[in-house]
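Note that the structure is a prediction, hence the values are computed from the model and not measured.
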Amino acid sequence: MEFFKQTKNNTENPPVGNSNKLRETFSNDMTANVNLMKTEFHYPTNTALKIRELDLPSYNKKSTLLFVEGTINIDTLETHILKPLLQEGHTSTNVVISSLPKEITENVLTSANTKIITKTKIAAKELLNGNSLLLFENESEAICVETAGFEGRPVSQRCVVNC
């Protein structure tokens, strides 16, 4: 019962908008977008949502990587997202980039299964399906990267306990 009292009286971090309704699209405010995902996943009460802030040296921008622990393949995350993103020298300072998510999807990430999304409900569903989400400062688009790698046994495998 104490949990409900704390939640009801929590005025320090009120939910964004209606707690039962997720804002439909991302905004240009990365912090607000991260907070939307935190609210949707009941973070920090639910600690399965992992959030990693990244500096992108080649673009002089900040990004936030989100994923749900236990649903992703860590090797895929490191090889196809983190390593390429944190490597310097992707772009020339003279080049004007109209869409950072598009630039990163086409020229940086090494995963073939990426997509640009703008809808917050789709982002939440993708996270639950084991994919990772990249949010960027001053961008209303996010990148969804396939990183699914659920741990556990196949459904067809029987689990027998010998006594």
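- Taken to the nearest 0.5 Å, the CG atom of Leu77 stands 4.5 Å off from the CD1 atom of Ile81.
- No more than 12 heavy-atom neighbours from other residues, nucleotides or ligands sit within 6.0 angstrom of CD on Glu53.
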Fill in: Residue pair Glu126, Leu133: steps toward the side-chain contact (heavy atoms from CB on, under 4.5 Å) verdict
CA-CA 8 Å; Glu126 293 290 346; Leu133 188 69; over 6 Å; no
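- Listed by chain and number, the residues in a side chain to side chain donor-acceptor pair (under 3.5 Å) with Thr147 are Ser132 (sequence neighbours excluded).
- Under the rule for a salt bridge (Lys or Arg N to Asp or Glu O under 4.0 Å), the partners of Lys119 that lie at least two apart in sequence or sit in another chain are Glu24.
- Not counting sequence neighbours, the partners of Ser27 by the side-chain contact (heavy atoms from CB on, under 4.5 Å) test are Arg23, Asp29, Ala32, Asn33.
- Interatomic distance, Phe67 CZ to Asn73 CG, rounded to the nearest 0.5 Å: 11.5 Å.
- In terms of heavy-atom proximity, Ala148 sits nearest to Asn129 at CB-O, 3.6 Å.
- The closest side-chain heavy-atom distance from Thr76 to Val145 is not below 4.5 Å.
- Partners of Glu69 by salt bridge (Lys or Arg N to Asp or Glu O under 4.0 Å), not counting sequence neighbours, listed by chain and number: Lys50.
- For the atom pair CE (Met37) and OH (Tyr43), the distance works out to 14.5 Å, reported to the nearest 0.5 Å.
- With rounding to the nearest 0.5 Å, the separation of CG in Leu109 from NZ in Lys83 is 14.0 Å.
- Dense packing is recorded around CG of Asn138, with more than 12 heavy atoms of other residues, nucleotides or ligands lying under 6.0 Å away.
- With sequence neighbours left out, the salt bridge (Lys or Arg N to Asp or Glu O under 4.0 Å) criterion links Asp55 to Lys62.
- Rounded to the nearest 0.5 Å, atoms CG (Leu134) and OG1 (Thr64) are 9.0 Å apart.
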Worksheet item: Can Val108 and Leu56 be said to form a side-chain contact (heavy atoms from CB on, under 4.5 Å), step by step?
Response: CA-CA 11 Å; Val108 178; Leu56 307 179; over 6 Å; no
Item to complete: Starting from the C-alpha separation in whole Å, work towards a yes-or-no answer on side-chain contact (heavy atoms from CB on, under 4.5 Å) for Leu65 and Leu85.
Response: CA-CA 11 Å; Leu65 173 68; Leu85 270 179; over 6 Å; no
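- Residues that satisfy the side-chain contact (heavy atoms from CB on, under 4.5 Å) test with Asn28, not counting sequence neighbours, are Ser140.
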Discussion item. Let's go through Thr120 and Glu40 carefully: what are the C-alpha distance in whole Å and the side-chain angles of both, what is the deciding distance for side-chain contact (heavy atoms from CB on, under 4.5 Å) to 0.1 Å, and is it a yes or a no?
Written reply: CA-CA 9 Å; Thr120 54; Glu40 182 69 6; over 6 Å; no
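- Every pair tested for salt bridge (charged side-chain N to carboxylate O under 4.0 Å, His left out) that includes a residue from residues 131-143 fails, sequence neighbours excluded, so the list is empty.
- Taking Phe41 as the reference, Leu49, Val68, Ala124, Leu127, Leu128 meet the side-chain contact (heavy atoms from CB on, under 4.5 Å) condition, with sequence neighbours excluded.
- Contacts of Thr105 classified as side-chain contact (heavy atoms from CB on, under 4.5 Å), with partners at least two apart in sequence or in another chain: Thr114, Ile116, Ile143.
- Listed by chain and residue number, nothing satisfies the salt bridge (Lys or Arg N to Asp or Glu O under 4.0 Å) test with Lys102 (two or more places apart in sequence, or in another chain).
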